[in-house]
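Have a look at the structure below before the remarks.
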Amino acid sequence: MKKHFLLLAIAVSVIACKTDKKESVKTSTAPKKYTIEQMMDNENVFGGSFSPDNSKLLVTSNRSGIYNMYTVSTSGGEFEPITKSDSSSVFATSYFPKDERMLFRMDNNGDEIYHIFLRELNGDIKDLTPTKGARAGFFGWAKDEKSFFFTSNERDNRFMDLYEMDLETFTPKMIYENKEGYNVAAISNNKNILALSKTVNTNDSDLFLFDRTTKVITKINLTLSGNSAADFSIDDTEFYYTTDAEGEFATLMKYTISTNETEKVLAKDWDISGSYFTNNGTYRVTYINEDAKNVIEVYDIKAGKNIELPNVDGKSITSVGFSRDESMMRFYAGGSNTPSNLYVYDLKTKKQTQLTDVLNKEINPADLVKAKVIRYPSFDGVTIPAIYYVPHQASEDTKVPALVWVHGGPGGQSRQNFSSRIQYLVNHGYAVLAVNNRGSSGYGKTFFTMDDLNHGEKDLQDCVEGKNWLAKQPEIDAEKIGIIGGSYGGYMTMAALTYTPEEFAVGVNIYGVTNWMRTLKSIPSWWESFREALYKELGDPYSADSVRLKRISPLFHTDKVTKPLMVLQGAKDPRVLQVESDEIVAGVKKNGVPVEYVLFDDEGHGFVKKENQIEANSRILQFLDTYLKKEEPIKNDEL
């Protein structure tokens, strides 16, 4: 619904603590400290396309050090590598519907110029969208299984047109020329109707149905609201979408195409973030963003009720996918203290099979920390939700340093998911409070728009109040609280060090914006349809808004930074350019402030190669140990 800009068998020792005045005994449990190599050796697996006979799944995994394609038997067994790239990551898309050919996507080391590739049965690879500089994205298989759809900005680098690729000739045909800056959101099973969205601002978007035969376009929403396409019914008589037109949160609606009538299908106390029908329409899958955690419902259309999902030792099911014949479901289950594993589930026999065990065998699961959701009041009484990780060794008598963690965005959300980086820092004695400051998604549209045109101000104060909340916790060393974040979170780190220089002891800026005028002027061309909405939220750099944008850009106020700073950046980043980090480092160094700069030549907006993740996270810990804990960092080979 909401739009986003950017968008470890280990012995455990028990230490007895002193007895308090009530004579109750407190204990703190010190886990084994793991090296960054051990922590990053947790495998990340995602996706899962069933082969035509349901015997295998096609997945993406970073077990090789970067992402590559693998297949795995649905009855269990070893992963078989399909690609062996050692440079750019390969992301699996899908098996073909009727044979074991495969589609995948790949860019150039993080530049986000993705192309769609075909892997033939004999292993040959072909780029199906070879135009240099053009960006392509897979959009889905045609219902008749004779073609697939994809989007591309080959014609005009600002807008994504819709194409159909015939599976016999692999000749693309444009079926929708996007001259008006719409976003193609869904296509009917008979190919006749397209759902189009038009961004109004970062919360609201208009939704339309376009009949390719009659060329008639019909607007679905009647009021200014956040609207997103979900899916067409199997017979194409109905269109499903989500909207927040009637309240703070998005509900699921049904629009009858022949009568233009709408009907509410499902409402929750949280955002319904998406819904779709399985291949033959037997099930409707719905995702709910419940307090920063995915909740999934699978509704049996004929039975008129939700099916009972598998129980996996109390873990949360985070995503599901169905075979084309709807007899099998693959799903992932995990939590904040355990990375998600892949399972398959036979819907008839109810048998579930675990296909992965991604946690590094050297790590005792008991040493990992389960997060909890907390809330605290901000300076003006607004309630701020946050995700809190407390080291096992922390107690009133063993106080620990802490970090305020800020997510990306604007408009992102810290969620109850597993993070190797956070678990690594917590394992080494740092509490982490991942704040969802005003402007974060998932807590209603009013909360989401609260930071419009005041970035670096009220949202920053929410982070400061997060620090104040931490300082009051008995297990936290109030004098040792830093701030860390990536992208928009990197901006918030720099804003904190610049505009509230006495609040945080250190800052870690991971590819953060430092000059809003330059960033807003240099956003990737394919974001054109979203440009105006960004300007409405953040300000127009070509207007009088530039005065405010300069005022809230840390680059122009580096003289105020007095606390140690670390900056990490990818040279290929198309969203936050390298110059942003180059210049902020140079500016802060003039103050005689300790500054560390880590630049990766082969990364973009996010570090996906394990080698680089290890380097980045180990350097972050060393920096924090030196300037926040203020002790000699422990080298990995000493652990």
Side-chain angles (χ1 to χ4, degrees), residues 1-7 199-205 221 223-228 242-252 266-274 287-295 371-388 404-417 433-470 483 485-489 491-492 495-496 513 530 533-539 552:
M1 168 65 64
K2 306 298 188 282
K3 307 294 192 302
H4 300 171
F5 174 28
L6 297 179
L7 39 231
T199 302
V200 178
N201 54 54
T202 50
N203 180 76
D204 302 318
S205 59
N221 58 299
T223 62
L224 180 64
S225 48
N227 300 277
S228 295
T242 62
T243 182
D244 62 9
E246 297 183 4
E248 285 293 317
F249 297 98
T251 60
L252 181 65
L266 186 65
K268 299 287 184 179
D269 293 331
W270 302 93
D271 275 328
I272 294 177
S273 51
Y287 288 81
I288 300 103
N289 181 358
E290 184 176 303
D291 213 4
K293 181 173 67 175
N294 260 354
V295 173
K372 61 181 178 179
V373 177
I374 65 97
R375 285 172 168 80
Y376 61 88
S378 193
F379 69 98
D380 56 356
V382 172
T383 299
I384 306 300
I387 317 296
Y388 189 35
V404 169
W405 181 287
V406 192
H407 59 67
Q413 183 187 32
S414 286
R415 296 176 63 80
Q416 299 183 61
N417 298 333
L433 183 69
V435 300
N436 280 313
N437 53 271
R438 70 191 67 198
S440 303
S441 58
Y443 304 99
K445 61 186 179 184
T446 298
F447 190 84
F448 183 77
T449 58
M450 277 184 175
D451 66 343
D452 287 4
L453 296 178
N454 61 59
H455 293 287
E457 297 172 342
K458 293 180 180 179
D459 51 359
L460 174 57
Q461 288 304 309
D462 294 340
C463 296
V464 172
E465 291 300 332
K467 185 219 73 169
N468 293 338
W469 182 88
L470 278 169
I483 184 168
S487 193
Y488 165 77
Y491 163 69
M492 291 296 286
V513 177
F530 195 47
L534 283 174
Y535 288 180
K536 287 180 180 179
E537 177 178 350
L538 293 157
I552 67 167

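Hydrogens, waters and symmetry mates are skipped; everything else that's a heavy atom, side chains included, is used.
- In this structure, the separation between CZ on R415 and CG on D291 is 10.0 Å, given to the nearest 0.5 Å.
- Side-chain contact check for Q416 versus V373: some heavy-atom pair is nearer than 4.5 Å.
- Between N201 and T449 there is no side-chain heavy-atom pair separated by less than 4.5 Å.
- For the pair N436 and S414, the tightest heavy-atom approach, listed with the atom from each and the gap, is OD1-N, 2.7 Å.
- Residues satisfying the ring pair (Phe, Tyr, Trp, His ring centres under 6.0 Å) criterion with Y287, sequence neighbours excluded, are absent altogether.
- A donor-acceptor contact shorter than 3.5 Å links the side chain of N227 to the backbone of S205.
- In this structure, N289 and Q413 have side chains that are in contact, with non-hydrogen atoms separated by less than 4.5 Å.
- Looking at W469 and V435, their side chains never come closer than 4.5 Å, going by heavy atoms from C-beta outward.
- Side-chain atoms of Y488 and D459 include a donor-acceptor pair closer than 3.5 Å.
- Contact annotation: the side chain of T383 never approaches that of F447 to less than 4.5 Å [non-hydrogen atoms, C-beta and beyond].
- Shown here for F448 and T202, the closest heavy-atom pair between the two residues is CE2-O, 3.3 Å.
- Using a 4.5 Å heavy-atom threshold, the side chains of V382 and R438 count as touching.
- T243 is listed as a side-chain neighbour of T251, based on a closest heavy-atom distance under 4.5 Å.
- When all heavy atoms of H407 and S440 are compared, the closest pair comes out as NE2-OG, 2.7 Å.
- Residues K458 and F379 form a side-chain contact, since some pair of their non-hydrogen atoms from C-beta on lies under 4.5 Å apart.
- Between D204 and K536, no side-chain nitrogen of the basic residue sits less than 4.0 Å from a carboxylate oxygen of the acidic one, so the salt-bridge criterion is not met.
- For the residue pair S225 / D244, no side-chain donor-acceptor distance below 3.5 Å is found, with atom types taken as modelled.
- In this structure, the separation between CD on E465 and CG on D380 is 9.0 Å, given to the nearest 0.5 Å.
- Remark: E457 pairs with R551 by the side-chain hydrogen bond (donor to acceptor under 3.5 Å, both in side chains) rule, at least two apart or across chains.
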